[in-house]
Amino acid sequence: MAKPKKRYVCQACGSISHRWQGQCADCAEWNTLAEDAPATVFSLKHDLSSGGRAVEFVDLDKPGALPTRQPTGLAEFDRALGGGLVPGSAILMGGDPGIGKSTLLLQAAGRIAREGHGVVYVSGEEATGQVRMRAARLGLSDAPVKLAAATGVRDILTTLGQMDAPRFLVIDSIQTMHSDTIEGAPGTVSQVRGCAFELIRYAKENNVALVLVGHVTKDGSIAGPRVLEHMVDVVMSFEGERSHQYRILRALKNRFGAVDEIGVFSMAGEGLEEVANPSLLFLSGRDEPMAGSAVFPAIEGTRPVLLEIQALIVRLQSGATPRRAVVGWDSGRLAMLLAVLESRCGLNFSSAEVYLNVAGGYRLSDPAADLAVAAALVSALADKPLPDRSVWLGEVSLAGEIRPVAHGALRLREAAKLGFAKGFGPVGGNGKEATLDYAGLGQLANLVDRVVGSA
Ligand code: TYD
Ligand code: MG
């Protein structure tokens, strides 16, 4: 038999190569290839058409087959999950270090345990004392959560096998888990994959809702192989700027629900508090209008959220290359908008530094924000505030036209409800339905006339 070939697995994307290379040929990451256990070689002579056990088929409408969801005790968490935890499902919870994953899961664990259900929390990163300290701070010391500090998957599964299966199982984090049947250090692709596989199998067989905490790499994807995302039923991401108090829980994949709902929390001294009505959350509480600030009515899932977009323009005297810095928005889209403003509206940003910020640590990807960003930029450049209590929405095309956006009426209605008096957007864009003064703008040049022209 041929000697099994060495394999190298990229720790970022999971692609396999038979030769070590400095850069992964698939995802172009550097220094991510690590040696992995050789693949088992199957012979073509293997015949799989006999000798197996019969597989059971069921009907789609089999009565009683639908599992009932388990509420987490945190309505915002349930909302992001699509209505609670599904028994026998696996959830991958990603997020930057320190964002509050352990806090959120301990809060959910405590509340489910208080309801009288079995809950097991396995921490591979912190000692039990540290988790107990956090529980005390969260006011959950009395919750009957079974807490353990362990990293061996065999130990964990052996222990779980000797007791009644819990309703809720948290593994914090999957990168610290280790299986003695697999070669490699904890955190390598084969370990992460193998440990997740065993834990998910336990969860499915015993109808346990399992949460695996996963670390996130610099570029925002969950560290370890993408394959983990395929193995689980739900991928959630817990986001926010660590220096801000607001946190957003978002489903990136959900086999049991929609992926456009979010949960909003705020990190306080006693853990995460739910924010049931987030629409005014990200506005700064300022009263008088300022140059360079525009309000955009965003939509998150089914809920409107008003966001403040701030632009700052600094004129450069010398010929140095001007900086463009963006927080919370796409820098490519900013470059596009600046180009459209220059070529279609005759504005000159080329010798100025441009800074753009979405207030409150919010990350925005909706193209409907184009007009609000443009309004903030033009207002900053002209050093003139936008009309008082106004909101801006619309997508900007390369030709400088302002295009309609989804849920226009809903966004404007929410803005009106919160005391905004003026809406600017595409011509014919849902303005009539809203109870605020609406002005349709056909071209970006109309925006410039409005801002620069108004005294
Ligand atoms: P943690 O849940 O440990 O983050 P993760 O598991 O995602 O790494 O959260 C850590 C941060 O949360 C830490 O910086 C302190 C803050 N925090 C509070 O502000 N209030 C609290 O009640 C708790 C428990 C944590
Ligand atoms: Mg943690």
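Values reported hereafter were calculated over all heavy atoms of this structure, with side chains retained and with hydrogens, waters and symmetry mates removed. Start at 1 and go down the list; that is how both ligands and their atoms are numbered.
Scanning all protein heavy atoms for the shortest distance to atom 3 (O) of ligand 1 gives R134 NH2, 2.9 Å. Here the heavy atom of the protein found nearest to atom 4 (O) of ligand 1 is G100 N, 3.1 Å. Protein heavy atom in closest approach to atom 2 (O) of ligand 1: T103 OG1, 2.6 Å. For atom 21 (C) of ligand 1, the nearest non-hydrogen atom of the protein is R137 NH2, 3.4 Å. Atom 11 (C) of ligand 1 has as its closest protein heavy atom G98 O, 3.5 Å. For atom 6 (O) of ligand 1, the nearest non-hydrogen atom of the protein is S102 OG, 2.6 Å.
Interface of E270 with ligand 1, defined as ligand atoms under 4.0 Å from a residue heavy atom, comprises 22 (O). Against a heavy-atom cut-off of under 4.0 Å, A268 is close to the following atoms of ligand 1: 18 (C), 19 (O), 20 (N), 21 (C), 22 (O). Using a 4.0 Å cut-off to heavy atoms of G271, the atoms of ligand 1 that qualify are 20 (N), 21 (C), 22 (O).
Side chain of D366 to backbone of A368: a donor-acceptor contact under 3.5 angstrom is found.
Residues T176 and E125 have side chains that never bring a donor and an acceptor to within less than 3.5 angstrom of each other. A side-chain donor from one of S15 and D26 sits under 3.5 Å from a side-chain acceptor of the other.
A perpendicular orientation is assigned to the rings of F265 and F238, their planes being inclined by more than 60° (bins at 30° and 60°).
Between K422 and D388, no side-chain nitrogen of the basic residue sits less than 4.0 Å from a carboxylate oxygen of the acidic one, so the salt-bridge criterion is not met.
Only the side chain of M267 comes within 4.0 Å of ligand 1, counting heavy atoms alone; its backbone N, CA, C and O stay farther away. With a 4.0 Å heavy-atom cut-off, ligand 1 is reached by the backbone of P97 but not by any atom from C-beta on.
For S173, every N, O or S atom stays at 2.8 Å or more from the Mg ion (ligand 2).
By the definition of a contact as any protein heavy atom under 4.0 Å away, atom 15 (C) of ligand 1 is not in contact.
Here's the thing with G269: one of its N/O atoms is less than 3.5 angstrom from an N/O atom of ligand 1.
Between E126 and the choices R132, R134, K101, the salt bridge (charged side-chain N to carboxylate O under 4.0 Å, His left out) rule is met once, by R134.
By the 4.5 Å heavy-atom criterion applied to side chains, D330 and L364 are not counted as neighbours. The closest side-chain heavy-atom distance from F77 to M236 is below 4.5 Å.
No heavy atom of G95 sits closer than 4.0 Å to any atom of ligand 1.
Taking a 6.0 Å sphere around CG of D164, one finds it holds 12 or fewer heavy atoms contributed by other residues, nucleotides or ligands.
Between L210 and A203, the closest heavy-atom pair is CB-CB, 3.8 Å.
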